[in-house]
Enquirer: 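Just dropping this structure here.
Counting begins at 1 with the first residue of the sequence.
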Amino acid sequence: MLKLGEAITRKRKLILVVAVLLLIPSVLGMIATRINYDVLSYLPDDIQTIKGQDILLDDFGKGGFAMVMVDGMDQKDVSALKSKFEDVDHVDSVIWYDSIVDSSVPLEMVPGDVYKKFNSGDTTLMAVFFDEGTSADGSLEAVAKIRQIGGKQCFVSSMTAFVEDLKELAEKEEPIYVGLAVLLCCIILAIFMDSWMIPVVFMAGIGMAILYNLGSNFFLGQVSYITKALSAVLQLGVTMDYSIFLWHSYEEQRQDPSKDKEAAMAQAVANTFTSITGSSITTVAGFLAMCFMTFTLGKDLGIVMAKGVIFGVLGCITILPSLILTFEKLIEKTHHKNITPKFDRLSAKITKKPGIFAVIFIVLLVPALFGYTHTSVYYNLDKSVPQTLPFAVANEKLGDEFDMNTTHMLLVDADMDKKDVDDMMSDIDKVDGVKYTMGLESALGPAIPDEILPGEVGSIVKSDDYQLLIISSKYKVASDKVNKQIDEINQVVKQYDNKGMLIGEAPCTKDLIDITDRDFKVVSAISILAILLIIAFVLRSVSLPIILVAVIELAIFINMGIPYFTGTELPFIASICIGTIQLGSTVDYAILMTTRYKRERFFGNDKRTSVRIAHSMSMPSIMVSALGFFAATFGVAIYSDIDIISSLCTLMARGAVISMLVVMFILPSMFMLFDKLICKTSKGFINKDGNGNTGGKGAIPPIMDTAE
């Protein structure tokens, strides 16, 4: 690694030229990467609801759909508006009153229930089907065009309309996220580092690594809007540690009068790479654990963030050293006094009475674990955005005017006997919360002869293999009532057609609830196991991995338990991801202190002295790292109107501070209480001479530490 460091210092100009040139394909790749705003599209392909959506698209040419309400128009104008909607690109078909009964038929001949399905006061309702999927670009463009054509009298309610509004909101907010993260990080670093210029250098190096990561997403085909919004902020917060370690190591090496700046940087690169290897591996493992989720949004975020950490490490040992050496004079000119507090007195107090903090650990664990297991989560994606968006206004109007809150679609055998279809729909109508069930025959009723049925309506709701029925529900998506309703409808359908499929937003969301409940347990178990094994390998210990993970898990329990006591409901994705993210990202704080503790014990200090030195020397770096992580995420948490983004950033910002405090106060007491066990179950704590009191001639610490 020293040879690598020397090569980097010699070739620093070439490295910077290459780094800048690589930004060109990175920016192009970032622009070309498609962003997916439909969270439900990450459900596994083999579940019935997703299979049903594929059949709807393949057999009927229908993907997404929207319920469109029009206010204050007479029948003739609505019919003309419907024709305009049908001419919009990617609109497959529009079902309205005149799709079922020819507009020339007198109203007195039309069954009352048919008329009421499409009209309420002076508001009329249309079902618009698109020829692409819910979140496909064509469907989103069609929603925007329909709104433009319909004007203020038009209200579009559907998952596709939600995605369109979410896309506009996210695209407006995302640049602000990065700006806030960079600004607040620069403020924290400027205060707690010893140069006003060094934060700018850090941001330049980390910024390049972020762009490389975002550009390489092109090879994934697409990423979710959550991944795009969080990846830059999260990469900044997580990998900032590496830059801090390099700078501290470089300053330490510069104190040696025998070394010029190139030699000092070469040694700093070697030391930094050695010290951040273990911590970066645990972080990568934490993110990769999310790839084991059945709900593949976890894989999307996990792969992108794991790449981000790797790019961060590579940038830290190549680009950042080159930048520091290039701008060293400017860095020195902006030097100021370091105001990072000293921790000597606090370290002495904590090590003097470790039993008190062990009791605090146990006392905190009980309410934290209770809150952690009782925090409420929501799955209704509508709740994650402001209710002033157009789709939300339309949803409320749909509920008020038509007593509808969601629409299911049912696919059954095209050859099913007409009587069985009528009986099945009659049974479905009896299920609590079902407003009506509408199919080809049911819309007509026995009083309407087939001759007056417009010819195209048959092809809209029937294919060679399936026929399509629409079920209107009074219940909201993700509610207990609608989930019970879905189960009861499926029971009815299976009595008539064992292969019948109920699809739509509510059935997909119900599957999401079932799948993510399993994913939460799997991801937590895998991340903990992986990080335990990595820490055991890096620190060569059996006991230390358990102690370190237990301490960080306490911080996670506290962080995730707070929403229960504050009455805050979290979006489901936050509850799944935050434990893994916080464990992988902040266990580094514990590893850093443990490394120094191990070094001091190896050099012959007693346990109290070793823990005190480890605590006092590592806490400045831990504090700056945690506050940097807090700064990178806190501004986004406050600013964002998208609750999924805001909640995740709130949890990450708070989690960084809680992890810092737990490592500051609880971990040293664990070292004190379990010192004998740690020394007996770990390698490298006692020098080879076996006395544990002296380092011995020529002794070197088993793991280098650069926290000084």
Enquirer: Would you name the heavy atoms of S280 and V309 that are closest together and state the gap between them?
Expert: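 That closest heavy-atom pairing would be O-CG1, 3.9 Å.
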Enquirer: How close do A229 and I645 get, counting heavy atoms only, and between which atoms?
Expert: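 What the structure gives for the nearest pair is CB-CD1, 3.7 Å.
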Enquirer: Look at the aromatic rings of Y250 and W247 and report parallel, tilted or perpendicular, splitting at 30° and 60°.
Expert: tilted
Enquirer: How far apart are the C-alpha atoms of M193 and F202, what are their side-chain angles, what is the distance that settles it, and do they pass the side chain to side chain contact (heavy atoms under 4.5 Å, CB included) test?
Expert: CA-CA 11 Å; M193 303 295 285; F202 281 6; 3.9 Å; yes
Enquirer: Could you go step by step and tell me if K337 and D194 meet the side chain to side chain contact (heavy atoms under 4.5 Å, CB included) rule?
Expert: CA-CA 6 Å; K337 184 179 179 180; D194 54 4; over 6 Å; no
Enquirer: Establish, from distance only, whether the side-chain atoms of S224 and T227 form a donor-acceptor pair under 3.5 Å.
Expert: yes
Enquirer: With a cut-off of 6.0 Å (strictly less than), are more than 12 heavy atoms of other residues, nucleotides or ligands near CZ of F361?
Expert: yes
Enquirer: Would you name the heavy atoms of A631 and C185 that are closest together and state the gap between them?
Expert: CB-N, 3.9 Å
Enquirer: Within the 4.5 Å heavy-atom criterion, are I317 and L246 side-chain neighbours or not?
Expert: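 In short, these two side chains do not touch, never coming nearer than 4.5 Å.
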Enquirer: Counting only N and O atoms by type, is there a donor-acceptor contact under 3.5 Å from the side chain of T633 to the main-chain atoms of F629?
Expert: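 Pair found, side chain donor or acceptor close to backbone of F629.
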Enquirer: Any non-hydrogen side-chain atom of M203 less than 4.5 Å from a side-chain atom of C186?
Expert: yes
Enquirer: Within the distance-only criterion (no hydrogens, no angle test), does the side chain of T334 pair as donor or acceptor with the backbone N or O of I331 below 3.5 angstrom?
Expert: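 Such a contact is found between T334 side chain and I331 backbone.
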Enquirer: Out of curiosity, Q235 CD to M305 CE, how far, rounded to the nearest 0.5 Å?
Expert: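 Q235 atom CD to M305 atom CE measures 5.5 Å (nearest 0.5 Å).
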Enquirer: So, applying side chain to side chain donor-acceptor pair (under 3.5 Å) with D643, which one of S646, S640, S647 is it?
Expert: S647
Enquirer: Rounded to the nearest 0.5 Å, what's the gap from CD1 on I198 to CG on L320? Could you check?
Expert: 6.5 Å
Enquirer: Let me know which of I206, I319, L189, I324 forms a side chain to side chain contact (heavy atoms under 4.5 Å, CB included) with V201.
Expert: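 Answer after filtering I206, I319, L189, I324: I324.
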Enquirer: Any side-chain heavy atom of Y177 within less than 4.5 Å of one from L230?
Expert: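 No, too far: nothing below the 4.5 Å cut-off.
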Enquirer: Could you give me the CA-CA distance, side-chain angles and deciding distance for S585 and T283, then say whether side chain to side chain donor-acceptor pair (under 3.5 Å) is met?
Expert: CA-CA 5 Å; S585 302; T283 307; 5.4 Å; no
Enquirer: Does the side chain to side chain donor-acceptor pair (under 3.5 Å) test come out yes or no for S195 and H336, once each step is laid out?
Expert: CA-CA 5 Å; S195 168; H336 66 82; over 6 Å; no
Enquirer: Would the distance check show the side chain of T580 and the main-chain N or O of G286 forming a donor-acceptor pair, the cut-off being under 3.5 Å?
Expert: no
Enquirer: Find the distance between CD1 (I658) and CG (N559) and round it off to the nearest 0.5 Å.
Expert: 4.5 Å
Enquirer: Tell me which one of F295, F520, Y378 satisfies ring-ring contact (aromatic ring centres under 6.0 Å, His included) with F572.
Expert: F295
Enquirer: Tell me if a side-chain donor or acceptor on T340 pairs with a main-chain N or O of F192 at a distance below 3.5 Å.
Expert: yes
Enquirer: Answer yes or no: is there a side-chain heavy-atom contact under 4.5 Å between C316 and T272?
Expert: yes
Enquirer: Under a plain distance cut-off of 3.5 Å, with no hydrogens placed, do S216 and K307 share a side-chain donor-acceptor pair?
Expert: yes
Enquirer: Please step through salt bridge (Lys or Arg N to Asp or Glu O under 4.0 Å) for the pair E600 and R612, ending with a clear verdict.
Expert: CA-CA 10 Å; E600 296 303 323; R612 180 177 54 78; over 6 Å; no
Enquirer: Might you work through the side chain to side chain contact (heavy atoms under 4.5 Å, CB included) test for V385 and D641, ending with a clear yes or no?
Expert: CA-CA 6 Å; V385 295; D641 279 333; over 6 Å; no
Enquirer: Which residue, D519, D514, T516, forms the side chain to side chain donor-acceptor pair (under 3.5 Å) with T294?
Expert: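 Going through D519, D514, T516 one by one, the side chain to side chain donor-acceptor pair (under 3.5 Å) with T294 is satisfied by D519 alone.
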Enquirer: Taking all non-hydrogen atoms of both residues, which atom of I513 and which atom of A478 are closest, and how far apart?
Expert: CD1-O, 4.5 Å
Enquirer: Give the minimum heavy-atom separation between I556 and G579, together with the two atoms involved.
Expert: CD1-O, 3.4 Å
Enquirer: Considering residues, nucleotides and ligands other than K259, do more than 12 of their heavy atoms fall under 6.0 Å from its NZ?
Expert: yes
Enquirer: Looking at F370, is its backbone amide N or carbonyl O close enough to the side chain of T373 to form a donor-acceptor pair, meaning the two atoms are under 3.5 Å apart?
Expert: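 Present.
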Enquirer: Answer yes if the side chains of S625 and D588 hold a donor-acceptor pair under 3.5 Å, and no otherwise.
Expert: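 Distance-only check fails for S625 and D588.
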Enquirer: Between S682 and C679, is there a donor-acceptor pair closer than 3.5 Å when you use the side chain of the first and the backbone of the second?
Expert: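 No, S682 side chain to C679 backbone: no donor-acceptor pair under 3.5 Å.
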Enquirer: Carefully, step by step, assess Y372 and Y564 under the rule ring-ring contact (aromatic ring centres under 6.0 Å, His included).
Expert: CA-CA 7 Å; Y372 173 76; Y564 169 76; over 10 Å; no
Enquirer: Test your reading of the model: is there a side-chain donor-acceptor pair from S659 to the backbone of A656, 3.5 Å cut-off?
Expert: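 Side chain of S659 to backbone of A656, a donor-acceptor pair under 3.5 Å: no, none is there.
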Enquirer: Start with the C-alpha gap between K683 and S541, add the side-chain angles, then the distance that decides, and say whether side chain to side chain donor-acceptor pair (under 3.5 Å) holds.
Expert: CA-CA 6 Å; K683 290 184 178 181; S541 172; over 6 Å; no
Enquirer: Do D517 and K521 have side-chain heavy atoms sitting under 4.5 Å apart?
Expert: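 A side-chain contact under 4.5 Å exists here.
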Enquirer: Between H615 and L346, does a side chain to side chain contact (heavy atoms under 4.5 Å, CB included) hold up when you go through it step by step?
Expert: CA-CA 9 Å; H615 184 271; L346 180 62; 4.2 Å; yes
Enquirer: For the atom pair CZ (F357) and CD1 (I666), what is the distance rounded to the nearest 0.5 Å?
Expert: 7.5 Å
Enquirer: For the residue pair V636 and C649, what are the closest heavy atoms and their distance?
Expert: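 Residues V636 and C649, closest heavy atoms: CG1-SG, 3.6 Å.
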Enquirer: For a 4.5 angstrom cut-off between non-hydrogen side-chain atoms, does L539 reach T595?
Expert: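 Yes - at least one pair of side-chain heavy atoms lies under 4.5 Å apart.
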Enquirer: Between the side chain of T351 and the main-chain N/O of A348, is any donor-acceptor distance below 3.5 Å?
Expert: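 Yes; judged by distance alone, with no hydrogens or angles, the pair exists.
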Enquirer: Are any non-hydrogen side-chain atoms of I642 and I226 less than 4.5 angstrom apart?
Expert: no
Enquirer: For the CD1 atom of I573 and the OG atom of S384, what is their distance to the nearest 0.5 Å?
Expert: 11.5 Å
Enquirer: Would K228 and N217 count as a side chain to side chain donor-acceptor pair (under 3.5 Å) if you check the C-alpha gap in whole Å, the side-chain angles of each, and the deciding distance to 0.1 Å?
Expert: CA-CA 9 Å; K228 183 188 177 187; N217 290 340; over 6 Å; no
Enquirer: Considering only heavy atoms from C-beta outward, does the side chain of I303 approach that of C291 to under 4.5 Å?
Expert: yes
Enquirer: Any chance you could measure E332, atom CD, to R254, atom CZ, to the nearest 0.5 Å?
Expert: 6.0 Å
Enquirer: Quickly, which of Y597, F602, F674 forms a ring-ring contact (aromatic ring centres under 6.0 Å, His included) with F685? Name it, please.
Expert: Y597
Enquirer: Around atom CZ of F343, are there more than 12 heavy atoms of other residues, nucleotides or ligands at under 6.0 Å?
Expert: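 Atom CZ in F343 is crowded, with more than 12 foreign heavy atoms closer than 6.0 Å.
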Enquirer: So for atom CZ, which belongs to F292, do other residues, nucleotides or ligands contribute more than 12 heavy atoms lying within a distance under 6.0 Å?
Expert: no
Enquirer: Quick check on F537: does its CZ atom have over 12 non-hydrogen neighbours (other residues, nucleotides or ligands) under 6.0 Å away?
Expert: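 No, the 6.0 Å shell around CZ holds no more than 12 heavy atoms from other groups.
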